[in-house]
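Everything on this sheet refers to the single structure shown next.
Sequence positions, counted from 1, serve as the residue numbers for this chain.
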Amino acid sequence: MNESELQAFLDFMIPVYAKDKVDAGTWKAEEAQQFSTEAYARLLPDGLATEGNYLYMIEEEAGTQVGFIWLYVEHATQEAFLYEITLYEEWRGRGLGKDTMAAMEQKAKELGAKAVGLHVFGHNLRALRLYEKSGYQTTDISMKKYL
């Protein structure tokens, strides 16, 4: 990913993350955009140069950009965390997600990771199915009931 691709990634993801947090009941709609912007600034303070963070564009065979990945590797613990994997809507349902997960895992191994963790919103059933098909196991579950 280059600087202009990073900006496109942020322009795309900040409102998506804000909406996901609202849909999950974590943030109020009126604060979500600000909180999302602050979260990305905190996690990527030096942009592409932020230590341990690896951001990639996903391309299909002909070279068309179809999405992006954000992987963090904590080299001291040999643990990776998949912050984001997104395929643009028109590219979903073609098997690219599973292939992309496999490529990401290979890259994580090359970067020294022995495990990859991730978070999935409870309402994102499509992603949950992809992760389960890719061999990911539930490590904990948070639940809430509104009264």
message: Could you report the tightest heavy-atom contact between Leu48 and Asn2, atom names first, then the distance?
response: CD1-C, 3.5 Å
field: Between CD on residue Gln106 and NZ on residue Lys109, distance to nearest 0.5 Å
entry: 6.0 Å
field: Where Leu6 and Leu55 come nearest, the two heavy atoms and their spacing
entry: CD1-CD2, 4.2 Å
query: Do the non-hydrogen side-chain atoms of Tyr131 and Val120 ever get within less than 4.5 Å of each other?
result: yes
query: Short question: side chain of Thr86, backbone of Gly67 - any donor-acceptor pair under 3.5 Å?
result: no
- line: CE of Met101 to CG of Leu96, rounded to nearest 0.5 Å, is 13.5 Å
message: If only side-chain N and O atoms count, and only distance matters, is there a donor-acceptor pair under 3.5 Å linking Glu3 with Gln7?
response: no
statement: Output for pair (Lys19 NZ, Trp27 CH2), nearest 0.5 Å, gives 14.0 Å
Short side-chain to backbone donor-acceptor contact, Asp46 and Ala49, under 3.5 Å: no
query: Is there side-chain contact between Tyr56 and Met1, with heavy atoms separated by less than 4.5 Å?
result: no
task: Might you confirm whether atom CD of Glu30 has over 12 heavy atoms from other residues, nucleotides or ligands at distances under 6.0 Å?
output: yes
field: Donor on one side chain, acceptor on other, Glu38 and Tyr40, under 3.5 Å
entry: no
- prompt: Is any side-chain heavy atom of Val22 closer than 4.5 Å to a side-chain heavy atom of Lys28?
  reply: no
- request: Could you tell me whether the side chain of Thr50 and the main chain of Gly47 form a donor-acceptor pair under 3.5 Å?
  value: yes
- prompt: Do Asp20 and His123 have side chains that get closer than 4.5 Å, going by heavy atoms?
  reply: yes
- request: Say whether, by atom type as modelled, one donor and one acceptor occur between the side chain of Gln78 and the main chain of His75 under 3.5 angstrom.
  value: no
- request: Answer yes if the ring centres of Phe9 and Phe68 are under 6.0 angstrom apart, and no otherwise.
  value: yes
query: What distance separates Lys133 NZ from Leu128 CG, expressed to the nearest 0.5 Å?
result: 11.0 Å
message: Check this for me, if you would: do Lys107 and Glu110 make a salt bridge, where the nitrogen-to-carboxylate-oxygen distance has to be below 4.0 angstrom?
response: yes
- request: Quick one: pull up CG in Leu87 and CZ in Arg92 and give me the separation to the nearest 0.5 Å.
  value: 6.5 Å
task: Examine distances only and state if a side-chain atom of Asn53 and a backbone atom of Glu51 form a donor-acceptor pair shorter than 3.5 Å.
output: yes
field: Over all atoms of both residues, closest heavy-atom pair of Gly93 and Arg126
entry: N-NH2, 3.9 Å
message: Closer than 4.0 angstrom, basic N to acidic O: yes or no for Glu132 and Arg129?
response: no
- request: Answer yes or no: is there a side-chain heavy-atom contact under 4.5 Å between Lys98 and Leu130?
  value: yes
query: Any side-chain heavy atom of Met13 sitting closer than 4.5 Å to one from Trp70?
result: no
Gap separating the OG1 atom of Thr77 from the NZ atom of Lys114, nearest 0.5 angstrom: 11.5 Å
query: Are the aromatic ring centres of Phe35 and Tyr17 under 6.0 angstrom apart?
result: no
query: Do Gln65 and Glu60 meet the criterion of a side-chain donor-acceptor pair at a distance under 3.5 Å?
result: no
- request: I would like to know whether Tyr54 and Leu111 meet side chain to side chain contact (heavy atoms under 4.5 Å, CB included); could you show each step before the answer?
  value: CA-CA 10 Å; Tyr54 304 88; Leu111 293 167; 3.7 Å; yes
